[in-house]
Number of protein chains: 2
Amino acid sequence: MTDTAATATATVSKSEQAYTAIKSRIVDGTYSPGYRLVLAKIAEDLGVSVVPVREAIRRLEAEGLVKFERNVGATVAGIDPTEYLYTMQTLSIVEGAATALSAPLIGEADVARARAVNAEMRECLQHFDPVRFTRLNQDFHSVLFEHCPNPHILDLVHRGWNRLASLRSSTFRFVPGRAHESVDEHEALLQLIESGASPDDIEKAARRHRSATLDAYLAQAAAIELPTPQTTQQ
Amino acid sequence: MTDTAATATATVSKSEQAYTAIKSRIVDGTYSPGYRLVLAKIAEDLGVSVVPVREAIRRLEAEGLVKFERNVGATVAGIDPTEYLYTMQTLSIVEGAATALSAPLIGEADVARARAVNAEMRECLQHFDPVRFTRLNQDFHSVLFEHCPNPHILDLVHRGWNRLASLRSSTFRFVPGRAHESVDEHEALLQLIESGASPDDIEKAARRHRSATLDAYLAQAAAIELPTPQTTQQ
DNA sequence: GAGTACGAAATCGTATACGAAAACTATGGT
DNA sequence: ACCATAGTTTTCGTATACGATTTCGTACTC
């Protein structure tokens, strides 16, 4: 592992290294929202100087994963219902488009794979395993949009998912009732694709699928009077 | 002017300065596609060192305005029919969504302003003034999406427009026949909005408006056997 | 006791410097 | 005449250093 990293180090710039390292730590939750990213500290951790770290952080800022304030420092972009709404809405749009554009390129093997994943998701509901459910959910949708022929749109989708991952979205999204609906909608989506439905219908369905998740969260958040908005600080 | 810049310098980081300066030079065409951005040279021009320039360029890379290659250097993102297609397709999606989300917030004053702009665009067609036409076109669409309540989507729209600007898109887009259609479609869009049409219909219309421009270009490009793909070099 | 002012510590921002990689040029061989 | 190769130049990549700014803690005043 360290070996692989070292080998890679030879061909990859340190700034790239830092970017990847920090990004994955944000996405996997090692650095959770609000966490203060002190340049010097990260630089030391990664065994590089501050310049590449700074550069990496600026790039992550552009992706919305990091919040950067002049002369103050960088923090992992915070959890905030409004941001969640923005992100989900944007994702519903770009993901819907990506799925529609992918649809004609999705083969039987892909559908079979997606079905297998969806079946596993059903199991997760039995054993109540939200973490695994969330991961599988990403796998499922990856199958749907991974063939998208427009790399710009695909990139936007990935950014959205990363954003959600960094927001530890499973805490948001795992509304049990909604999860059951979700797997049903997945099956419906697959059938729509299999049946060669129009891109427009597929797009609508994909979009609605995500919107529904957002709505479920909003409804719950309103009901429980927002347990999540632990505003800014870490 | 220099005065204003100097005053601003006091409160704005040099990296920010560099970012803004380079960005505007790309968007306004001072640095045209393929132009080589030599760090040291830009640094000298702006009176700063290479570090902030490098940072700025990395940020511009994230926005797709700059292409950056390890150990080789940065160039202004090139003109390339494929990229144009990707950008336009993406823009049609996000702009369509932005317009639909804005629509309920567009007031009579906005519509009037848009009409005035559109009238001017008609004039530009008489006097054949593509540059002004392009600028007005942006103004027109700004009215349509500027009220978009989702800043993420709005940001994506802006990035798309900047991208097109950097691609000197008027050379692409100003297909005379298409320009006439375009102003008509603008009027139709305004009427749709005035009549309180469903967001869905507005989105479709806005999206189609842009797709049609793309199609017109593609048709022309196919006909003239691509005069534009002056591939990479500057 | 609360609020303000001052000083120390932490952290950021950027210039400078130097090593490394790529691009270019010139020279020699076939 | 053309290709390969070695040397030179350009340009990038990053470490280090230091000044600037903010933050935090402490003491002082009202």
Side-chain angles (χ1 to χ4, degrees), chain A residues 5-23 25-26 31 33-62 65-78 231-234, chain B residues 5-23 25-26 31 33-62 65-78 231-234:
Chain A
T7 310
T9 305
T11 50
V12 174
S13 74
K14 305 213 172 170
S15 130
E16 198 67 30
Q17 235 183 292
Y19 170 78
T20 311
I22 300 170
K23 181 171 182 171
R25 287 182 196 186
I26 292 175
Y31 296 154
Y35 184 88
R36 255 203 98 193
L37 299 165
V38 178
L39 298 186
K41 197 162 159 292
I42 295 178
E44 196 186 1
D45 281 3
L46 301 177
V48 300
S49 79
V50 295
V51 177
V53 171
R54 196 184 150 80
E55 196 178 291
I57 285 181
R58 274 329 255 277
R59 281 216 274 162
L60 292 166
E61 185 196 14
L65 289 176
V66 164
K67 191 163 157 288
F68 201 85
E69 217 173 333
R70 164 106 210 246
N71 274 326
V72 174
T75 53
V76 176
T231 45
T232 37
Q233 269 70 334
Q234 67 179 88
Chain B
T7 311
T9 305
T11 48
V12 173
S13 74
K14 306 213 171 173
S15 131
E16 197 67 29
Q17 236 182 293
Y19 170 78
T20 310
I22 300 170
K23 181 171 182 172
R25 287 183 195 187
I26 291 174
Y31 295 155
Y35 184 89
R36 248 197 106 194
L37 300 166
V38 178
L39 297 187
K41 195 163 161 290
I42 295 178
E44 197 187 357
D45 282 2
L46 300 178
V48 302
S49 80
V50 296
V51 177
V53 172
R54 197 184 149 79
E55 195 177 292
I57 286 182
R58 276 325 259 273
R59 281 216 273 162
L60 291 166
E61 186 197 14
L65 290 176
V66 164
K67 192 165 156 288
F68 202 85
E69 217 173 333
R70 164 105 209 245
N71 274 325
V72 174
T75 53
V76 175
T231 43
T232 38
Q233 268 71 335
Q234 66 181 90

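Side chains included, hydrogens not; waters and symmetry mates left out as well; all remaining heavy atoms used. Labels below follow one simple rule: chain letters A, B, ... track the order of the sequence lines, proteins then strands, and each chain is numbered from 1. Fair warning: this is a prediction, and the values are worked out from it, not measured in the lab.
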ask   = Any idea which heavy atoms bring A56(B) and S15(B) closest together, and the distance?
value = CB-O, 3.9 Å

request  = Measure the distance from CZ on R36(A) to P on dT22(D) and round it to the nearest whole Å.
outcome  = 13 Å

task = Kindly say if K14(B) contacts the phosphate of dA15(C), meaning a side-chain N or O under 4.0 Å from OP1 or OP2.
result = yes

request  = Could you work out which one of dC12(C), dG13(C), dG13(D) sits closest to the side chain of R70(B)?
outcome  = dG13(D)

query = Which of these nucleotides, dA23(C), dA15(D), dA15(C), is closest to any side-chain atom of S49(B)?
reply = dA15(C)

request  = Consider the side chain of N71(A), meaning its heavy atoms from C-beta on, and name the nucleotide among dC12(C), dG13(D), dT14(D) that approaches it most closely.
outcome  = dC12(C)

request  = Calculate the interatomic distance between E16(B) atom CD and dC12(C) atom P; express it in whole Å.
outcome  = 17 Å

inquiry  = What's V38(B) touching, base or sugar-phosphate or nothing? Going by heavy atoms closer than 4.0 Å.
reply    = sugar-phosphate

message = Is there a side-chain contact between V53(A) and I57(A) in this structure, where contact means two heavy atoms from C-beta onward sitting under 4.5 Å apart?
response = yes

inquiry  = Using heavy-atom distances to pick each residue's nearest nucleotide on DNA chain D, tell me which of P52(A) and L39(B) is more 5'.
reply    = L39(B)

task = Grab the CD-C1' distance between E55(B) and dG13(C) for me, whole Å please.
result = 9 Å

L65(B) vs K23(B) side-chain heavy atoms within contact, under 4.5 Å = yes

ask   = Could you go step by step and tell me if R70(B) and E61(B) meet the salt bridge (charged side-chain N to carboxylate O under 4.0 Å, His left out) rule?
value = CA-CA 12 Å; R70(B) 164 105 209 245; E61(B) 186 197 14; over 6 Å; no

ask   = In whole Å, what is the span from the CD atom of E69(A) to the P atom of dA10(C)?
value = 21 Å

ask   = Base, sugar-phosphate alone, or nothing: which one does I57(B) contact when heavy atoms must sit under 4.0 Å apart?
value = nothing

Along DNA chain D (nearest heavy atom to each residue), the more 5'-positioned of V51(B) and L37(B) = L37(B)

note = Separation of dT11(D) atom C1' from I42(B) atom CD1, nearest Å, is 12 Å

ask   = Between Y19(A) and R59(A), is any side-chain donor less than 3.5 angstrom from a side-chain acceptor?
value = no

query = Whole Å only: how far is the CZ atom of R58(B) from the P atom of dC12(D)?
reply = 12 Å

ask   = R54(A) side chain: which of dG13(C), dT11(C), dT16(D) is closest?
value = dG13(C)

